[in-house]
Amino acid sequence: MKARCSPYKKMQGYGILKHMEVSFEGGGAVLKGMSCFEPRHIFDNGQTFRFDEVEEGVFEGVAHGRFLRVTKKGNRITLYPCGAEEYEQVWKRYFDLETDYGMLFCDCGDEALEKGRQYGCGLRLLNQPPFETLVSFIVSANNNLKRIKGIIRRICERCGRPFVFEGKTYYAFPEADKLAALSVEALKECGSGYRAPYIKETARMVAGGFDLEGLRAKSYGDAKKELMELPGVGPKVADCILLFSLGFRDAFPADVWIKRVLKEHYGFAGNDRQVYAFARKRFGKYAGIAQQYLFFWQRDKDRNDGEKNTI
DNA sequence: GCCCAGGATCACC
DNA sequence: GGTGATCCTGGG
């Protein structure tokens, strides 16, 4: 069992990205020498629900209360609008741009993971605002991508701060107190169904002082336990919040897709606790990134087989 | 009209 | 501690 660790020696290559250059032109940030940045793999893997591909290679969405357009042409990635200050303060961290994903799990000797890694090349873990991530993944429970996106869009339109960019109106994700002030009925009208009271109560608790940011300083186990005290947050949703917004790269969301991978390719089946223990042992402290590669690979594989659109 | 997918919760063992 | 029914709704 111990030999499991050896294929992952090269994880030490996971570190600061040295070869990327950033320049600022035409109101945007241009990233060059960035081999690991594939917008489709970043935005279409179920970690965020607010970006859409508006034309080939062009993604638009709202994050941190701002509009952002991400364009990939060849090896040139543009973030727009984005000045030097905004890059430093917002997007560099959002896209985890100081991290080198290239070496992670490289030649790991794990066939499924190697496949996922090649297939999902350019995938990055976002660092999203915790409250938005929390509510989004409460909505995601027992739900599919298309519906989740619609529900979140309507919630933002209902009580998020509106702003205009290039003549179009967009909506920031609402603050906790704004969301807590909505009635359960209004939340249901957004399409959230039986999750409406969970959303309202969770928003109320966050507005009332539940310290999401403070979870960063805690251990994985403690942070997860605390998150699960919020209504609508079970083990899987808690792991998503930890992985996608609070920097816990060892969090391993045990959804149906990853369970399928573990069964088909690792011959493993178990409850959520056992899944996490297996993942931590097998993939180490970046298990969450392995989860993303495997998830993305399996989902597209199944999608192509059966034309499914669930997350 | 019927059935299914998807995760959290609750009652029950 | 584990199991199974229930919640909601778009889509087949």
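Chain A is the first sequence line, chain B the second, and so forth, proteins listed ahead of strands; every chain is numbered from 1. The model shown is predicted, which means the values in this text are computed figures rather than measured ones.
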When you compare the protein's N or O atoms with those of nucleotides 10-13 of chain B, which come within less than 3.5 Å of each other, and at what distance?
none

Within the sub-3.5 Å range, which N or O atoms of nucleotides 2-6 of chain C have a protein N or O partner, and how far apart are they?
{"unit_1": "C:dG2", "atom_1": "OP2", "unit_2": "A:N271", "atom_2": "ND2", "d": "2.5"}

Practice problem: Scan for ring pair (Phe, Tyr, Trp, His ring centres under 6.0 Å) pairs involving residues 203-240 of chain A, sequence neighbours excluded, and state none if there are none. | Solution: A:Y220-A:Y276

Practice problem: Let me know the distance between CG of A:L227 and C1' of B:dT9, rounded to the nearest Å. | Solution: 17 Å

Exercise. To the nearest Å, give me how far apart NZ (A:K259) and C1' (B:dA5) are.
Key: 14 Å

Quiz item: ring-ring contact (aromatic ring centres under 6.0 Å, His included) with A:F268: which residues, sequence neighbours excluded?
Solution: A:F278

Quiz item: What residues, two or more places apart in sequence or in another chain, satisfy salt bridge (Lys or Arg N to Asp or Glu O under 4.0 Å) together with A:D272?
Solution: A:K259

Exercise. Mind calculating the distance between NZ (A:K224) and P (B:dG7) to the nearest angstrom?
Key: 13 Å

Self-check item: Axis-to-axis angle between the two ends of the helix from B:dC2-C:dG12 to B:dC13-C:dG1 (five base pairs per end, rounded to 10 degrees)
Solution: 40°

Quiz prompt | salt bridge (Lys or Arg N to Asp or Glu O under 4.0 Å) partners for A:R161, two or more places apart | solution = none

Exercise. State, with a plain yes or no, whether a side-chain heavy atom of A:P253 is found less than 4.5 Å away from one of A:I258.
Key: no

Quiz item: Under 3.5 Å, is there a donor-acceptor pair between the A:N143 and A:S140 side chains?
Solution: no

Quiz prompt | Contacts of A:F95 that satisfy ring-ring contact (aromatic ring centres under 6.0 Å, His included) - sequence neighbours left out | solution = A:F37

Exercise. Quick one: list whatever passes ring-ring contact (aromatic ring centres under 6.0 Å, His included) with A:F59, sequence neighbours left out.
Key: A:F43

Practice problem: Give the rounded distance in Å between these two atoms: CG of A:L134 and C1' of B:dA8. | Solution: 14 Å

Self-check item: Ring centers of A:Y286, A:F105 separated by less than 6.0 Å
Solution: no

Quiz item: Tell me: CG of A:L230 to C1' of B:dT9, nearest whole Å?
Solution: 15 Å

Self-check item: Pairing residues for A:Y198 by the ring-ring contact (aromatic ring centres under 6.0 Å, His included) criterion, not counting sequence neighbours
Solution: none

Please tabulate the protein-to-nucleotide N/O contacts below 3.5 Å involving nucleotides 7-10 of chain C, giving atom names and distances.
{"unit_1": "C:dC7", "atom_1": "N3", "unit_2": "A:N142", "atom_2": "ND2", "d": "3.4"}
{"unit_1": "C:dT9", "atom_1": "O4'", "unit_2": "A:R147", "atom_2": "NH1", "d": "3.4"}
{"unit_1": "C:dT9", "atom_1": "O4'", "unit_2": "A:R147", "atom_2": "NH2", "d": "3.3"}

Quiz item: For the pair made of CG in A:N143 and C1' in B:dG7, what is the distance, rounded to whole Å?
Solution: 10 Å

Self-check item: Test: A:R124 and A:E38 ion pair at under 4.0 Å
Solution: no

Exercise. Using atom CZ of A:R260 as one end and atom P of B:dG6 as the other, report the distance to the nearest whole Å.
Key: 5 Å

Quiz item: Angle class for the A:F165/A:F67 ring planes (parallel below 30°, perpendicular above 60°, tilted otherwise)?
Solution: parallel

Quiz item: By salt bridge (Lys or Arg N to Asp or Glu O under 4.0 Å), which residues pair with A:R76, not counting sequence neighbours?
Solution: A:E25

